[in-house]
Amino acid sequence: MAAIEQLGLELLREVDVATANGFSKARIFRDAAISLLGREGTFECLELPGGRDALLGVIPMEVLGIEPDVRHQTLKVLPSESMDTY
């Protein structure tokens, strides 16, 4: 919650989620601006319970044109204009 408060994100809605601990409520916030490796986008974000570290999901990574390089444990920026683009 501290990160969400610091960023000043606006509550969009509450949803039911299923986790290993069972069902609970989670909050989704709007207009989280992400800037990573020279790419930028605005996304909804789901609040993690207990102040855990933030995670970057698959959808924002795809939209930003970034993919994980599992072998080297780094992030790879895909070209924006070529046959190998995202």
Side-chain angles (χ1 to χ4, degrees):
M1 179 68 168
I4 291 171
E5 287 177 356
Q6 288 177 342
L7 295 171
L9 300 180
E10 183 181 329
L11 180 63
L12 179 62
R13 66 183 175 273
E14 280 195 11
V15 294
D16 293 320
V17 294
T19 67
N21 292 328
F23 287 95
S24 64
K25 293 275 187 195
R27 299 187 309 169
I28 296 178
F29 293 82
R30 69 174 72 218
D31 299 333
I34 295 175
S35 177
L36 179 65
L37 300 173
R39 304 278 172 88
E40 296 181 0
T42 303
F43 305 92
E44 293 178 357
C45 73
L46 177 73
E47 179 181 33
L48 296 173
R52 301 178 69 174
D53 291 337
L55 303 173
L56 184 59
V58 172
I59 294 171
M61 286 182 56
E62 287 180 350
V63 170
L64 295 172
I66 297 171
E67 67 180 28
D69 180 341
V70 179
R71 184 173 188 204
H72 297 104
Q73 297 199 5
T74 60
L75 295 175
K76 177 182 171 184
V77 178
L78 300 173
S80 58
E81 297 180 18
S82 81
M83 294 301 289
D84 297 324
T85 188
Y86 58 101

A.B. asks: Charged N to carboxylate O below 4.0 Å: is that the case for E14 and K25?
C.D. replies: no
A.B. asks: Could you grab the distance from atom CZ of R71 to atom NZ of K76, nearest 0.5 Å is fine?
C.D. replies: 12.5 Å
A.B. asks: Applying side-chain contact (heavy atoms from CB on, under 4.5 Å), run through L78 and E67 and close with a yes or a no.
C.D. replies: CA-CA 7 Å; L78 300 173; E67 67 180 28; 3.6 Å; yes
A.B. asks: Applying a strict under-4.5 Å side-chain criterion to I, L, V, M, F, W and Y, I'd like to know whether I59 and I66 cluster together.
C.D. replies: yes
A.B. asks: Determine yes or no for a side-chain-to-main-chain donor-acceptor pair under 3.5 angstrom, with R39 supplying the side chain and G65 the backbone.
C.D. replies: yes
A.B. asks: Distance check, rounded to the nearest 0.5 Å: L64 atom CG versus F43 atom CZ?
C.D. replies: 4.0 Å
A.B. asks: What is the minimum heavy-atom distance between D31 and L9, and which atoms define it?
C.D. replies: O-CD2, 3.5 Å
A.B. asks: Give the cluster check for L75 versus V63: same hydrophobic cluster or not, with ILVMFWY residues linked at side-chain heavy-atom distances below 4.5 Å.
C.D. replies: yes
A.B. asks: Consider salt bridge (Lys or Arg N to Asp or Glu O under 4.0 Å). Of R30, R13, R27, which one does E44 pass it with?
C.D. replies: R13
A.B. asks: Within the structure provided, determine whether F29 and L12 are in side-chain contact (heavy-atom separation under 4.5 Å).
C.D. replies: no
A.B. asks: Do L11 and I4 belong to the same hydrophobic cluster, where Ile, Leu, Val, Met, Phe, Trp and Tyr are linked whenever their side-chain heavy atoms lie under 4.5 Å apart, directly or via other members?
C.D. replies: yes
A.B. asks: Would the number of heavy atoms belonging to other residues, nucleotides or ligands and lying under 6.0 Å from CG of L7 be above 12?
C.D. replies: yes
